[in-house]
2 protein chains.
Amino acid sequence: MKDQIAVFNECARRKGLKNTSQRTLILKAFLSSPSHYSTEDLYLKLRKNHPKIGYATVHRALKLFAECGIAVELDFGDGQTRFEPLTIGQHHDHLVCTECGSITEFSEPRIEELQEQVAAQHGFKIERHRHELYGLCSKCIGRG
Amino acid sequence: MKDQIAVFNECARRKGLKNTSQRTLILKAFLSSPSHYSTEDLYLKLRKNHPKIGYATVHRALKLFAECGIAVELDFGDGQTRFEPLTIGQHHDHLVCTECGSITEFSEPRIEELQEQVAAQHGFKIERHRHELYGLCSKCIGRG
DNA sequence: TTAGTTTCTGAATGTCAATTTCAATTTTCC
DNA sequence: GGAAAATTGAAATTGACATTCAGAAACTAA
Ligand SMILES: [Mn+2]
Ligand SMILES: [Mn+2]
Ligand SMILES: [Zn+2]
Ligand SMILES: [Zn+2]
């Protein structure tokens, strides 16, 4: 979190960006929760205490965070791009519940390793990947 | 292919759909190629020989094929949904080249197995999944 | 501080694929 | 053949994302 703010400040400096109260506000709100926010989500959350904030400002800030490497863009196929804080060296993938929308994280080094082997077999160089399991979370199985 | 037409016909019958030349045409064009078509792609291809076909008709047909289980919807994050014929029991995932857009298929049972284990550990029931590797294909590495 | 320059903000507008509308057409079934 | 139901395709709409632009705010160097 401190790290992420430092990384962002350095990135902003390099880009010649100015410090604004809005961006600081959005950054803190974004980092203060491990959630997987859409622009809409974060905009609505911020608007409760800061009714003047604009949707476009939130959107631009999230894209900027991704550019600066402190956020990752996620797409779970529901038509809304989501963002999550990137914890350096802490890659993970997701379990997405199709019933309640809850998101759980997982990390499986053996899958990552096999993935590399598959790519190597095809002479393919992986830049990034996406691995999502869709289905019912334990709560929703119980309710079924 | 014969199987897929039979599956579709049964699905259409159950839904009380009528037979139309357009849908037959779209179905044949769709099944006759292993490509990963967007609506736009298939529409443009069909229009060469059938200038009167409508974009909406192609789009509705592709969605219908997916509903009937003979097509899968794919999203490689380029803003266009793609469709590919579903070969029963022949699941595969994809390598997507970020340079030339080429799509290669892969299948790795050990990954599928580990995936199931991960889900089981979380009490999660997988309905479907998505596993895509983005990066440079062998051709594009050569050109790099 | 102050004037000058650059960036930022947010309401409005534009973009683009996906989806819907609707009047005319086609299919299906008596 | 004729009525009822589904289909078609051009056009309009939707919804998320992206951009525009005029006024506001932040920096910079006297
Ligand atoms: Mn996550
Ligand atoms: Mn494929
Ligand atoms: Zn759930
Ligand atoms: Zn390539």
Side-chain angles (χ1 to χ4, degrees), chain A residues 8-30 36-68 71-83 101, chain B residues 8-30 36-68 71-83 101:
Chain A
F8 175 71
N9 286 338
E10 167 57 19
C11 176
R13 194 194 56 71
R14 235 186 0 258
K15 286 173 179 277
L17 306 184
K18 294 180 175 174
N19 289 325
T20 68
S21 59
Q22 289 93 335
R23 210 140 56 191
T24 303
L25 184 70
I26 297 166
L27 180 57
K28 281 185 183 163
F30 178 62
H36 303 82
Y37 286 116
S38 65
T39 301
E40 180 81 11
D41 290 342
L42 191 55
Y43 168 64
L44 292 177
K45 178 180 171 175
L46 282 165
R47 217 172 49 163
K48 287 178 187 165
N49 292 316
H50 307 272
K52 298 243 202 84
I53 197 97
Y55 180 96
T57 303
V58 176
H59 178 257
R60 280 183 289 229
L62 288 171
K63 295 294 278 188
L64 178 62
F65 299 162
E67 268 182 54
C68 290
V72 199
E73 285 190 49
L74 304 170
D75 173 5
F76 296 144
D78 65 344
Q80 290 211 290
T81 300
R82 290 170 194 286
F83 295 82
Chain B
F8 177 71
N9 286 338
E10 168 57 18
C11 176
R13 194 193 57 69
R14 232 182 9 254
K15 286 172 178 278
L17 306 184
K18 295 179 174 174
N19 289 325
T20 68
S21 59
Q22 288 91 334
R23 212 140 54 193
T24 303
L25 183 69
I26 297 166
L27 180 57
K28 281 185 185 165
F30 178 62
H36 303 85
Y37 285 116
S38 66
T39 300
E40 180 81 11
D41 290 342
L42 191 54
Y43 167 64
L44 291 177
K45 179 180 170 173
L46 282 164
R47 216 172 51 163
K48 287 179 189 165
N49 292 315
H50 306 272
K52 297 244 203 82
I53 198 97
Y55 179 96
T57 304
V58 176
H59 177 258
R60 280 184 289 231
L62 288 171
K63 296 293 279 187
L64 179 61
F65 299 161
E67 269 182 53
C68 289
V72 198
E73 284 189 49
L74 304 170
D75 174 5
F76 295 143
D78 65 344
Q80 290 209 288
T81 301
R82 291 169 194 284
F83 295 83

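Naming: A, B, ... by sequence-line order, numbering from 1 per chain. The structure presented is a predicted model; accordingly, all values stated were derived computationally and were not measured.
- Put simply, CZ on A:R23 is 14 Å from C1' on D:dA24, counting in whole angstrom units.
- Residues A:F8 and A:L27 approach most closely at CD2-CD2, 3.7 Å, considering heavy atoms.
- No side-chain heavy atom of A:Y55 sits less than 4.5 Å from a side-chain heavy atom of A:T57.
- Summarising the geometry, atom CD1 belonging to B:I53 is positioned 4.0 Å from atom CD1 belonging to B:I26; distances are rounded to the nearest 0.5 Å.
- What separates CG of A:D41 from P of D:dC17 is a distance of 10 Å, to the nearest Å.
- When side chains are defined from C-beta on, B:L46 counts as touching B:V58, because their heavy atoms get closer than 4.5 Å.
- Legend: salt bridge (Lys or Arg N to Asp or Glu O under 4.0 Å) pairs involving residues 38-59 of chain B, not counting sequence neighbours, sorted by first then second residue: B:D41-B:R82.
- The side chain of A:Q22 places an N or O atom within less than 4.0 Å of a non-bridging phosphate oxygen (OP1 or OP2) of C:dG10.
- The nearest whole Å value for the distance from the CD atom in B:Q80 to the P atom in C:dT19 is 13 Å.
- The side-chain heavy atoms of A:T20 and A:L25, taken from C-beta on, include no pair separated by under 4.5 Å.
- For the pair A:L64 CG and D:dC17 C1', the computed distance is 16 Å after rounding to whole Å.
- At the heavy-atom level, A:E40 lies nowhere under 4.0 Å from the strands shown.
- Using a 4.0 Å cut-off, no side-chain N or O of B:H59 falls inside it from OP1 or OP2 of C:dA17.
- Rounded to whole Å, the distance from CG on B:L42 to P on D:dG9 is 13 Å.
- Remark: A:Y55, A:A56 in residues 47-56 of chain A come within less than 4.0 Å of DNA chain D through at least one heavy atom.
- Distance A:D75 CG to C:dA17 P: 16 Å, rounded to the nearest Å.
- A heavy-atom distance below 4.5 Å is found between the side chains of A:L42 and A:L62.
- With a 4.5 Å cut-off on side-chain heavy atoms, A:R23 and A:R60 do not count as touching.
- Put simply, the side chain of A:F30 reaches to within 4.5 Å of the side chain of A:Y37, judged on heavy atoms.
- Regarding A:K63, its NZ atom lies at a distance of 8 Å from the P atom of D:dC17, rounded to whole Å.
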Query raised in the report: When you check every protein heavy atom under 4.0 Å of nucleotides 22-30 of chain C, what one-letter string (B, S, -) results, 5' to 3'?
Result: -----BS--
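- If you check every strand for non-hydrogen atoms under 4.0 Å, A:S38 touches nothing.
- Atoms CG (B:D78) and P (C:dC16) sit 14 Å apart, rounded to a whole Å.
- Distances shorter than 4.0 Å separate none of the side-chain N or O atoms of A:T57 from OP1 or OP2 on C:dC8.
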